[in-house]
Amino acid sequence: MALKPLVLCAAMLALAPGAALAQRTDITIGMQLEPPNLDPTGGAAAAIDEVVYANIFEGLTRYREDGSIAPGLAESWEVGDHGLTYTFHLRGGVTFHDGTAMDAGDVKFSLDRARADGSTNAQKALFAGIDTVEVVDPLTVRVTLSAPNSAFPTNMAWGDAVIVAPESAGNLATAPVGTGPFMFADWVQGDRVEIAANPDYWGTPPALEAATFKFISDPTAAYAAMMAGDIDAFPAYPAPETLAQFEADPRFKLLIGSTEGETILAMNNARPPLSDKRVREAIAHAIDRQELIDGALFGYGTPIGTHFAPHHPDYLDLTGLSGHDPDRARALLAEAGVAEGLTLSLKLPPPSYARRGGEIVAAQLRRVGIDTRIENLEWAQWLEQVFKGRDFDLTIVSHTEPMDINIYARPDYYFQYGTEEMQTLMRELDLATDPAARSEILKKAQRVIAEDFVNAYLFQLARTGVARTGIEGLWQNAPTQANDLTGVHWTE
């Protein structure tokens, strides 16, 4: 049958050399870990924010890619009463995805919910200093703190501090409703989460109309999916041994940057013999960081000697305090009376840096006389046994929360340290507004935990990503755990 003239012309145009093709408006993002739920206010897993931060949910403030803080649902704020009050002025005309209006009452509800006695918020400490939350008018909220905290606007940028509505808060785990540029569409557990552009978004509409987060836990399968075109980008690519192949292929580009991920061999400070500083120090000296980085990360990673990001201006290089010294490690174990027959559990979550790194760490510990029982856990098991239950000796995990040295002031945190000295330092940091004074406190805190060998500090996790060459706007650095799609678009 002959084509009608108009159809024929269209077909010829589509096939003509150099003819402009419509740019794609969908994307498939690869992730190694599937989130246990989709409520950033009720779970500790980084994978939650990797799906929902800035996409589905928004806070009063937000992180930019360079780590600076920008206005979010609050277009401005004022600090008063010598740092005790923060008055936030909210954007007008903002609605949640279910059509309900976002106003000061929702902000009060969200902050009060996060700091309530029964709160399941994984970062409850962010809200502990709030004394009262007051609705001044529908677009104005006044937060009064019990003590000045110059970091409060930064705290409000965390994924744990997003604004939610009382009408939908009870179902966020499986049906998230936020104010962001994308709405939740579907979750096929074990496979993918789908989101779609929000037609009523208050801000600049996203270029993408739809996005899929595809979960691929196996590094080999991740490589195959990228090469086959099943995945458009894998911002936290789990197989660094194949990055050179992507770099040589014009269809792809590498996204190499920094993260906030201090990766540590965490120790249970409350459990003997790890309650003995000499044993913790011995373990730290048994670790060869460069061997670990080369073997587990194929050279991508920066050695660290304390729980602080090397790209931060207040970072102290304290790697020399815990340098690789097997003889020193053996001597310390003998001094502590555990030179013979010491066996410790090493519980590892799924990421490849932990699984691969755990094998190398176990071999390094074996060289100084410490045997380990490696237990590979799924993410939910790790959260239950290690993070919540504190039932472990050693574990390897990357702490991707920004500026989180304050966890060392929390006695109930999973590695169970939280000394009075660190609590005092963190209180002083909250009160300090002078940048020089804050810098000195942060440097002292870094030295305290390094000299106390709270954990063995391994490396700063690099951001090693792969994307198709036609994609622009993906974050290269990761100041917080996010796959922010608000500025992502295709150029071809």
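As a basis for the values below, the full set of heavy atoms in this structure was taken, side chains included, without hydrogen atoms, waters or symmetry mates.
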Review point. Please walk me through it: do Leu255 and Val466 pass side chain to side chain contact (heavy atoms under 4.5 Å, CB included)?
Key: CA-CA 6 Å; Leu255 303 170; Val466 181; over 6 Å; no
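- Contact check for Trp158 versus Pro40: no side-chain heavy atoms found under the 4.5 Å cut-off.
- Judged purely by atom type and a 3.5 angstrom limit, Asn477 uses its side chain to pair as donor or acceptor with the backbone of Ser258.
- Here the closest heavy-atom approach between residue Tyr457 and residue Ala450 is recorded as CE1-CA, 4.4 Å.
- Partner Val107 forms a side-chain contact (heavy atoms from CB on, under 4.5 Å) with one of Val143, Ile163, Asp112, Leu73 and no other, that one being Ile163.
- At least one donor-acceptor pair under 3.5 Å links the side chain of Asn455 to the backbone N or O of Met267.
- The backbone N or O of Glu375 lies less than 3.5 Å from no partner atom in the side chain of Lys347, so there is not a single donor-acceptor pair.
- Judged purely by distance below 3.5 Å, without hydrogens or angles, the side chains of Arg62 and Thr480 never pair a donor atom with an acceptor atom.
- In this structure, the separation between CG on Leu377 and OG1 on Thr395 is 7.5 Å, given to the nearest 0.5 Å.
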Point to revise | Residues Thr400, Thr259; criterion side chain to side chain contact (heavy atoms under 4.5 Å, CB included); working and verdict | key: CA-CA 7 Å; Thr400 55; Thr259 76; 5.5 Å; no
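- Taking CD1 of Ile293 as the start and CD of Gln460 as the end, the distance is 10.5 Å to the nearest 0.5 Å.
- No salt bridge links Glu451 with Lys277; every basic N to acidic carboxylate O contact stays at or beyond 4.0 Å.
- When all heavy atoms are compared, the tightest approach of Glu260 to Ala309 is OE1-CB, 4.0 Å.
- At a threshold of 4.5 Å between non-hydrogen side-chain atoms, the residues Phe109 and Val133 do not count as touching.
- Relative ring orientation between Phe459 and Tyr353 is described as perpendicular, the plane-to-plane angle rising above 60° on a 0-90° scale split at 30° and 60°.
- Taken from CG in Leu172 to CG in Asp39, the straight-line distance is 4.5 Å, to the nearest 0.5 Å.
- Arg390 contributes a side-chain N or O that, together with a main-chain N or O of Asp412, makes up a donor-acceptor pair within less than 3.5 Å.
- At a cut-off of 3.5 Å, with distance as the only test, no side-chain donor of Thr319 or Arg289 sits close to an acceptor on the other residue.
- At least one donor-acceptor pair under 3.5 Å links the side chain of Gln446 to the backbone N or O of Leu442.
- Of the possible donor and acceptor atoms, none in the side chain of Asn55 sits under 3.5 Å from a partner among the backbone N and O of Phe182.
- Taking a 6.0 Å sphere around NZ of Lys444, one finds it holds 12 or fewer heavy atoms contributed by other residues, nucleotides or ligands.
- A salt bridge does not link Glu65 to Arg463: none of the charged nitrogens lies less than 4.0 Å from a carboxylate oxygen.
- Between Tyr414 and Phe387, the ring planes lie tilted relative to each other; the angle falls in the 30° to 60° range.
- The main-chain N or O of Val454 is never found under 3.5 Å from a side-chain atom of Asp452 such that the two would form a donor-acceptor pair.
- Arg438 has no carboxylate O lying under 4.0 Å from a charged side-chain N of Asp314, or vice versa, which leaves the two without a salt bridge.
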Exercise for review: Quick one: do Phe57 and Asp49 satisfy side chain to side chain contact (heavy atoms under 4.5 Å, CB included)? Show the steps, please.
Suggested key: CA-CA 9 Å; Phe57 291 105; Asp49 278 350; over 6 Å; no
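- Here the shortest heavy-atom pairing between Ile69 and Pro153 reads CG2-O, 4.1 Å.
- What you find for Ser398 and Leu461 is that their closest heavy atoms are OG-CD2, 3.6 Å.
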Practice item. Would you please test Arg142 and Glu78 for side chain to side chain contact (heavy atoms under 4.5 Å, CB included) and show each step? Key: CA-CA 9 Å; Arg142 181 178 297 118; Glu78 295 131 18; over 6 Å; no
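- Taking the six-membered ring where tryptophan is involved, the planes of Tyr417 and Tyr408 are perpendicular, since the angle between them exceeds 60° and thus also 30°.
- The backbone N or O of Pro326 sits nowhere less than 3.5 Å from a side-chain atom of Arg367 that would complete a donor-acceptor pair.
- Note: Tyr86 and Phe88 have parallel aromatic rings, judged against thresholds of 30 and 60 degrees for the angle between ring planes.
- Taking the six-membered ring where the residue is Trp, Phe453 and His285 present tilted rings, their angle falling between 30° and 60°.
- At least one side-chain heavy atom of Leu274 sits less than 4.5 Å from a side-chain heavy atom of Ile283.
- Here the CE atom belonging to Met422 is positioned 5.5 Å from the CD1 atom belonging to Ile449, to the nearest 0.5 angstrom.
- Taking the charged nitrogens against the carboxylate oxygens, Arg427 and Asp430 have no contact shorter than 4.0 Å, which rules out a salt bridge.
- Residue-environment remark: CD (Glu340) stays at or below the threshold of 12 foreign heavy atoms within 6.0 Å.
- A distance-only check finds no donor-acceptor pair linking the side chain of Lys108 to the backbone of Thr132 [under 3.5 Å].
- Ring geometry for His399 against Tyr413 counts as tilted: the plane angle lies between 30° and 60°, on a 0 to 90° scale.
- Residues Leu394 and Val361 fail the side-chain proximity criterion, which asks for heavy atoms closer than 4.5 Å.
- Under the 3.5 Å distance criterion, with hydrogens and angles disregarded, no donor-acceptor pair is assigned to the side chains of Gln32 and Trp379.
- The shortest side-chain heavy-atom distance between Gln290 and Pro303 falls under the 4.5 Å cut-off.
- Of the inter-residue distances, the one linking Leu265 atom CG with Arg280 atom CZ reads 12.5 Å to the nearest 0.5 angstrom.
- Side chain to side chain, Asp131 and Ser146 fail the donor-acceptor criterion of an N or O pair below 3.5 Å.
- Counting only heavy atoms from C-beta outward, the side chains of Thr154 and Tyr63 approach each other to under 4.5 Å.
- Using a 4.0 Å cut-off between a side-chain N of Lys or Arg and a carboxylate O of Asp or Glu, Arg271 and Asp391 qualify as a salt bridge.
- Distance NZ/Lys214 to CD/Glu34: 10.5 Å, rounded to 0.5 Å.
- In this structure the side chain of Thr464 reaches within 4.5 angstrom of the side chain of Ile256, judged on heavy atoms.
- Salt bridge annotation for Asp66-Arg64: absent, with no cationic side-chain nitrogen under 4.0 angstrom from a carboxylate oxygen.
- The aromatic ring centroids of Tyr223 and Tyr237 lie 6.0 Å or more from each other.
- The nearest pair of heavy atoms linking Ala336 to Val279 is CB-CG2, 3.8 Å.
- Side-chain N or O atoms of Thr424 include one that pairs as donor or acceptor with a backbone N or O of Glu420 at under 3.5 Å.
- Smallest separation of non-hydrogen atoms from Asn406 and Met426: CA-SD, 3.6 Å.
- Considering only heavy atoms from C-beta on, Met31 comes within 4.5 Å of Asn483 through its side chain.
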